[in-house]
Amino acid sequence: MYFCRSIKGVSVSVKSILWNFQLSLVIAVQPVNSGKILIFIPLLFKTMASVINFPVSPSFVINSQYKTSFRARAQSVGGGDSTVLSSGSIAVNGDPVSREKEKNGALIDVGNGTLKPRVEKKKLVKNVISEELEVLWDDGYGTDSVKDYLDAAKEIIKPDGGPPRWFCPVDCGCPLKGSPTLLFLPGIDGLGLGLILHHKPLGKAFEVRCLHIPVYDRTPFEGLVKFVEETVRREHASSPEKPIYLVGDSFGGCLALAVAARNPTIDLILILSNPATSFGRSQLQPLFPILKAIPDELHGAVPYLLSYVMGDPIKMAMVNIENRLPPRIKLEQLSNNLPALLPRLSVMSDIIPKDTLLWKLKLLKSASAYANSRLHAVKAEVLVLASGKDNMLPSEDEAKRLNNSLQNCIVRNFKDNGHTLLLEEGISLLTIIKGTCKYRRSRKLDSVADFLPPSRQEFKYAFDQVVGLLRVASSSVMLSTLEDGKIVKGLAGVPNEGPVLLVGYHMLLGFELYSLVEEFLREKNIMVHGIAHPEIFLGRLENSSNEFGMTDWLKVMGAVPVAARNLFKLLSTKSHVLLYPGGAREALHYKGEEYKLFWPEQQEFVRMAARFGATIVPFGAVGEDDIADLVLDYKDLMSIPVINDYVRELARDTVNIRDETRGEVANQALFFPGLLPKVPGRFYYLFGKPIQTKGREVSLKDKENANELYLHIKSQVERCLDYLLKKREEDPYRNIIDRTAYRAVYGDEVPTFKLD
């Protein structure tokens, strides 16, 4: 029997006998005037028939220059085995595939009525699965914009009479091996295109599938919940050790919470963008009754106006504009993007016609009530993204409520964004997931194995916008020592091949971190993993505004919690590791203790480095006293009423990473010192001569030998500090005013003192 439907010259045929079987098709297509998309089409055959038409949207046409990829899976509703059909079961341009083609090798009959494909790698859509990403890879964020969303919407909204379905954007490309599944649940538009700005970066880390709810579909909320739930359960059954991500935008947030509440035993991670659980408190509630009375001929203006309420056109038009560009050029590009964007908004009246809008409002009401009544049952990890300028929902207040109501929830606020957060200028969703430690490929987060290196776009954003001011103010000087002892400018003295352990002095508040990590990425294209205090990963050091901030960016840029197992994993993978034996005691030192080392008595890292034959590079960094004066240290704060109670409370909840009863370093109470900014000076770094441990594994197992090397490393760090403190006095451009004048005249890199 053949089930077929012609799609503008391309017919799809399946030869099989189905009785109460579920059939899923995957068809590679290219919509007109939009990006390529893979469509997942669920069908349920209730009776046998000679011909059944597939409900495939005519808007998804197959370009003749692309070879169609097809896979059909017949799965018993009762839980029977599935049958997989290959691309040999496709007929192109009216040429149906017959049993003769099966005999020629397109399909192999393995018995019991099961047909399996003869696999040819050159015919596979996804024939290469990446093992890992390169440092500073191109994530593609910013190459698509809202214009692409609106252009794709024109095609996908064409009615086909079909039910809700999943599709996989081809722009997502091939994910990393072992990537988890991410299901996108759309907002009120129902298109499933809300992640279009994020398809390319997300596609490297996830198997992305997007839910499409046709414009004229009237499936009730409970029906949508069951539809998503069935997919979640199938995914969990096929990969029980992997988490499943549900990204819910507005209405989709209610859908995600409902599914999570009904499936508490499945490992789910929810990412909710301005969830519509606050629909009952919407700023637009008084206007909703008026919509029913608006004449049909005037309704065309309603979606147009809603588009301005839901999102900020300026933020949307800024998506693909480089932030580092001069203001004049940015304004020119914005003036070009806006006129191109605004006329396209007319498609909103087709996305949400009057009957659909009224239906969606009823759907929102039931979805909000359903999700709110089941918040107590949600066991999943939840990340709420809330916009500060959401004119449709009170999203910031709702984020606080959800944070208090849900068992495992964190919040990130985006104060300058509107309701359509995922379609506006900002940070890639993948960056947010990485920075909040929500990316993992198994049941438990592995900070080393699950780490994704920063992309080129993340590098630019972090060091231009997040720490750009400090970078410009400090104008760091990087020096290193060659094998022959010669000091040179740059990082030529630091080995390129790992494992390498960078061991040095921790400046006040870790000011030196940013320039160090940036320079290794910029000059050597090497990712340096900093061993960081666990409090950075527990969320207690976040600011009260819950914005995506500095601690999140540290995690994006390679920081991992201090633990012997993490150091072991990093060295075993030949990584470059940044270690501060003085830890928080040096970074939070008292007045008068600048550039003094506070190292523990035990040689904590030497034998670990020797086990893997790691190269140890001692280094020093100076300049904290050229940026600010320390006016209130721990002793001063503890003498101030009220403030001392806050410091004690913070120390009470702090994770202890050492158990020192003697020696200079002990469990350091965390606090925020009082600083008085100064006219910026300059940061200086010197990496000492590399110390080899390869071939010394046996000798360094002896505690005395290990301790001798440990003290030698410490003395080398002190030597680097002394050298820099002395030589910086000879730098004619130590002051920012002199450096600014030099740049104004010459425009080149500012020189420093002469090297010996």
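Remember, it's a predicted structure, so these values are computed and weren't measured experimentally.
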Are any non-hydrogen side-chain atoms of [X] and [Y] less than 4.5 angstrom apart?
X      : Y      : value
Phe612 : Ser572 : yes
Glu512 : Tyr580 : yes
Phe451 : Lys434 : no
Leu429 : Phe184 : no
Trp553 : Glu458 : yes
Ile433 : Leu202 : yes
Glu132 : Leu452 : no
Pro180 : Tyr245 : yes

Q. Taking Glu207 for the side chain and Leu182 for the main chain, is one N or O donor matched with an acceptor at less than 3.5 Å?
A. no

(Q) Applying the side-chain contact (heavy atoms from CB on, under 4.5 Å) criterion to Leu385, which one of Leu272, Asp249, Ile271, Val411 satisfies it? (A)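 Filter result, single survivor: Ile271.
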
**Q.** Residue that, paired with Val528, satisfies side-chain contact (heavy atoms from CB on, under 4.5 Å) out of Leu502, Val500, Leu513, Val577
**A.** Leu502

Q: Dump the intermediate steps for side chain to side chain contact (heavy atoms under 4.5 Å, CB included) on Leu246 and Val232, then the final yes or no.
A: CA-CA 9 Å; Leu246 300 180; Val232 166; 4.1 Å; yes

Q) Per the side chain to side chain donor-acceptor pair (under 3.5 Å) rule, which among Ser250, Ser387, Ser273 passes with His419? A)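 Answer to the side chain to side chain donor-acceptor pair (under 3.5 Å) test with His419 among Ser250, Ser387, Ser273: Ser250.
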
Q.
Against Lys200, only a single residue in Asp171, Asp138, Thr143 fulfils side chain to side chain donor-acceptor pair (under 3.5 Å); can you say which?
A.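 When Asp171, Asp138, Thr143 are each tested with Lys200, the side chain to side chain donor-acceptor pair (under 3.5 Å) holds only for Thr143.
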
So does [X] have more than 12 non-hydrogen atoms from other groups sitting under 6.0 Å from [atom1]?
X      : atom1 : answer
Lys415 : NZ    : no
Glu134 : CD    : no
Leu482 : CG    : yes

Look at [X] together with [Y] and state whether they make a salt bridge at an N to O cut-off of under 4.0 Å.
X      : Y      : answer
Arg412 : Glu547 : no
Glu241 : Lys444 : no
Lys389 : Glu424 : no

(Q) Holding to side-chain contact (heavy atoms from CB on, under 4.5 Å), I want the full list of residues that pass it with Ser395, two or more places apart in sequence or in another chain. (A)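 side-chain contact (heavy atoms from CB on, under 4.5 Å) check on Ser395 returns Asn274, Ala386, Asp390, Leu393.
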
Q: Go through the steps for Ile410 and Val384 under the test side chain to side chain contact (heavy atoms under 4.5 Å, CB included), then give the verdict.
A: CA-CA 6 Å; Ile410 62 173; Val384 179; over 6 Å; no

Q: With rounding to the nearest 0.5 Å, note down the distance linking CZ in Arg682 to OG in Ser475.
A: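 Going from CZ on Arg682 over to OG on Ser475, the span is 4.0 Å.
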
(Q) Tell me the closest heavy-atom pair linking Phe548 and Thr431, and the distance in Å. (A)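 Between these two residues, the closest heavy atoms are CZ-O, 3.6 Å.
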
Q | Nearest heavy-atom neighbours spanning Leu268 and Ala380 | A | O-CB, 3.2 Å

Q: Quick one: do Tyr439 and Phe206 satisfy ring-ring contact (aromatic ring centres under 6.0 Å, His included)? Show the steps, please.
A: CA-CA 10 Å; Tyr439 184 74; Phe206 298 98; 5.3 Å; yes

Q | Residue list, side-chain hydrogen bond (donor to acceptor under 3.5 Å, both in side chains) with Ser428, at least two apart or on another chain | A |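 Ser428 satisfies side-chain hydrogen bond (donor to acceptor under 3.5 Å, both in side chains) with no residue once adjacent residues are dropped.
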
Q. Is the ring centre of Phe520 less than 6.0 Å from the ring centre of Phe687?
A.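 They qualify: ring centres under 6.0 Å apart.
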
Q. Quick one: do the Tyr514 and Glu519 side chains pair a donor with an acceptor below 3.5 Å?
A. no

